[in-house]
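Encoded as structure tokens, the structure appears first; notes follow it.
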Amino acid sequence: MARENVLQVAEKKDRYKVCYMAGDDSGFDMMEGALLVLESLDLPIDWVRADLGWCMWERSIKKFGEGDPRCNTVPPETIKTIEDTDATLMAAITSKSGVKGFKSAILQMRQKFDLYINMRPAKKLPGIGTPLAKDPDIDIVMFRENTEDLYSAVEFHPVPAEHFDWHKGMDRFRGRDVATSWRVFSADGCERIIRAGFEYAKATGRKSVVCCNKANVIRETDGMMKRIFLEVAKEYEKYGIEAREENADATAMWFIKNPQDYSVVIASNVFGDILSDEASQLTGGLGFSPSGNIGENAAIFETSSGSVPKYAHQYKVNPSAIVMTSKMMLEYLGLNEAAAKIEKALGEVLLAKEPGTITYDVLRDFVGDPDWAEHAASTIDMAAAIARHIDPTFVGEKLEAAKAKVHEMCRWDDAALVGYAD
Ligand code: IPM
Ligand code: MG
């Protein structure tokens, strides 16, 4: 039986076990900042550490030897911890291209735990605004399908000879060097992401749901998505939810022209990948963007930002994305009051932009400070400022004790990493 509301944890509890995964490089700095903010809230959460990403890939090679099929970015310990906890908070991982056998940790998690929803809000934040002339109010929540489409990983190169006989469209490719990647959609896969979007609209009082597709050209896959969307939409008419389907290229254009006209947006995997980055850029960029990979049995809340390897362990990166990601996770756990406090505090810090509270990127990109490098606050300073807006007593010894605690929780030396234990 499908759960009624997958956007909420399966079982409400007095205390939760939550997995935290820093990932790689600046992911550790971000996680330390997020945990500091969360410390100021006195949450009913017991944290359990797990690791994944490039750091685990290197470790697995050390353990099993290069080329061993057990080498991976995700150790079995991490899978177990995700299974054993109520939710997971993840910072950022590093990918390197051209490494034989290397598979993205997050793509594996999405498949392994069938995390079919990629929920990506793009909301205008106080003090950050939008790059658009009229500075419109943007509050888009994208529901990107997260397991199918070109991410199904059914690919061929060379293409087997029989494939050329399957469709007359392949005739013109005969005898040429050809590669194919299958775009696989399932009807139930379309239906569940569409329903997730409508259910969210219904639960939050949002009045518009847009499905973007290319059914005008890509008849079978996008045609299926469009047909199911229009069917499901009828069920939600009675809630006053207006449903609209449109071409994804038009969506990309209208996001720039009239972003305030969008609320809930449903997209297949690849279109959602692209359009969510666009929506994010309209609201400050990936450094501010949270996301949630959610399924029936697990939920991994992940920043949209990368791991910024060049700044690794220097505490330079903006903690906003992971702080907003934590907020999403708290909502998932039903800790709505705490979630609201986090968003409010972040907004206040971004708006005030007081010296010593704002990271370099905000000073450079949103304040236009020519001396942004000198004036920049560290990840931890900004996190401490957010925490202080949540709890004004979070200063002095209390702050120092919390800093020491989260620093220890986010150690990144070999002895601290969890996974591929002997
Ligand atoms: C995202 C990222 C990932 C994706 C990459 C890192 C595999 O771009 O989460 O949007 O393509 O889904
Ligand atoms: Mg992406």
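Whatever order the structure lists ligands and atoms in, that order sets their numbers, starting from 1. Index from 1, following the sequence.
Sorting the N, O or S atoms of Asp273 by how far they are from the Mg ion (ligand 2) puts OD1 first.
Between Arg110 and ligand 1, at least one pair of N/O atoms sits closer than 3.5 Å.
The local environment of NZ in Lys80 is sparse, with at most 12 non-hydrogen atoms from other residues, nucleotides or ligands closer than 6.0 Å.
At a cut-off of 2.8 Å, Asp277 does not coordinate the Mg ion (ligand 2) through any N, O or S atom.
With salt bridges taken as basic N to acidic carboxylate O contacts below 4.0 Å, one links Glu408 and Arg411. Look at Lys63 and Asp68 and you find no salt bridge, because none of the NZ, NE, NH1 or NH2 atoms lies under 4.0 Å from a carboxylate O. Salt bridge status for Lys62 with Glu58: absent, with no side-chain N to carboxylate O gap under 4.0 Å.
In terms of protein heavy atoms, atom 6 (C) of ligand 1 is closest to Ile106 CG2, 4.8 Å. Among all non-hydrogen protein atoms, the one lying nearest atom 2 (C) of ligand 1 is Asp273 OD1, 4.1 Å.
Within the 4.0 Å heavy-atom shell around ligand 1 one does not find Lys103.
Checked by atom type, the side-chain pair Arg206/Ser263 shows a donor-acceptor distance below 3.5 Å.
Set against the non-hydrogen atoms of Leu107, the atoms of ligand 1 under 4.0 Å away are 7 (C).
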